[in-house]
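Input: a single structure, listed below in structure tokens.
Since the model is a prediction, treat every value here as computed from it, not as a measurement.
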Amino acid sequence: AYNTASSAGGGCFLNGSNATLWGNRILSNTATNNYGGGLYLNGGAPTLYVNTIASNVAKGRGGGIYAESSHAVLSGNRIEANSISGSSGVPNPGGGGMHIYKGTPLLSGNEFLSNIIAGKGGGLFLRETGAIFSGNVIALNIAASGGGAYLYNNNGLTFRDNIFRDNTVSADGGGLY
């Protein structure tokens, strides 16, 4: 808790890793000039199981988690109360809870709760990904567009048996945009 990275991965940076993170609390971390306030997943196929990723802050993308070209498996995690501090100069900013860019991660049984961004994707920002979402709860997130999730230029993205509820936007797409 309370770690700071001047670039990416305030709490943890996994580069091409197949590590397993199980039962951890990744709290109150900051990536001041880049992405992934709590976690930055760059490639690889890590497994994240029953972790709490909360109250983290990043600039531009992925307040809680930023995943790029990753084939991660996330199951039973709680991604809560994460935020974006700003997005000036950041292309395609978004994802108070999580930002996924490329890759094909599998997310099941996670909770994306009370994440906040002034821009796009309160809970999730999904860009150019074939991610699979099953049995997740995406609730109480806040954004300008895409309160629960903001979808941008995706191919093969799958949602099955998820719950989108009580997300709030100031513009378009309360649940999904």
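In this structure, the side chain of His99 engages the main chain of Gly94 through a donor-acceptor pair within 3.5 Å. Between the side chain of Asn56 and the main chain of Asn82, no donor-acceptor pair closer than 3.5 Å is present. A donor-acceptor pair under 3.5 Å is formed between the side chain of Thr129 and the backbone N or O of Gly103. In this structure, Asn115 contributes its side chain and Ser83 its backbone to no donor-acceptor pair below 3.5 Å. Put simply, the side chain of Asn77 never gets that close to the backbone of Thr52: no donor and acceptor are under 3.5 Å apart. Without hydrogens or angle criteria, Asn33 side chain to Ser6 main chain gives a donor-acceptor distance under 3.5 Å. Side-chain atoms of Asn29 never come within 3.5 Å of backbone atoms of Gly37 as a donor-acceptor pair (strictly under, hydrogens ignored).
A heavy-atom distance below 4.5 Å is found between the side chains of Arg61 and Pro91. With contacts defined as side-chain heavy-atom distances shorter than 4.5 Å, the pair Asn34/Ser7 qualifies.
Here the OH atom belonging to Tyr177 is positioned 4.5 Å from the OH atom belonging to Tyr150, to the nearest 0.5 angstrom. Atoms CG and OG1, from Asn51 and Thr47 in turn, are 10.5 Å apart once rounded to the nearest 0.5 Å. Ser17 contributes atom OG, which lies 8.5 Å from atom CG of Asn15 (distance to the nearest 0.5 angstrom). Note that CD of Glu68 is 10.0 Å distant from CD of Glu128, once rounded to the nearest 0.5 Å.
Among Phe13, Tyr35, Phe125, the single residue meeting the side chain to side chain contact (heavy atoms under 4.5 Å, CB included) criterion with Tyr66 is Tyr35.
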* To do: I would like to know whether Val57 and Ser85 meet side chain to side chain contact (heavy atoms under 4.5 Å, CB included); could you show each step before the answer?
  => CA-CA 6 Å; Val57 180; Ser85 63; 3.6 Å; yes
* To do: Applying side chain to side chain contact (heavy atoms under 4.5 Å, CB included), run through Lys59 and Ile84 and close with a yes or a no.
  => CA-CA 5 Å; Lys59 179 180 179 184; Ile84 299 296; 5.9 Å; no
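Closest of all the heavy-atom pairs between Lys120 and Ala143 is C-CB, 4.5 Å. For the residue pair Gly43 and Ser70, the shortest heavy atom distance occurs at O-OG, 3.5 Å.
In this structure, the side-chain contact (heavy atoms from CB on, under 4.5 Å) partners of Ala31, at least two apart in sequence or on a different chain, are Ala58. Legend: residues meeting ring-ring contact (aromatic ring centres under 6.0 Å, His included) with Tyr101, ordered by chain and number and at least two apart, are absent.
Taking a 4.5 Å side-chain heavy-atom cut-off between Ile, Leu, Val, Met, Phe, Trp and Tyr, the cluster of Ile116 extends to Ile142. In the hydrophobic clustering (ILVMFWY side chains linked at under 4.5 Å, chained through shared members), Phe164 is joined by Leu14, Leu21, Ile26, Leu39, Leu41, Leu48, Ile53, Ile65, Leu74, Ile79, Met98, Ile100, Leu107, Phe112, Leu124, Leu126, Phe133, Ile138, Leu151, Leu157, Phe159, Leu176. Using a 4.5 Å cut-off between side-chain heavy atoms of Ile, Leu, Val, Met, Phe, Trp and Tyr, Tyr2 forms no hydrophobic cluster with any other residue.
Note on residues 151-167: pairs passing side chain to side chain donor-acceptor pair (under 3.5 Å), not counting sequence neighbours, are Asn136-Asn162, Asn141-Asn167.
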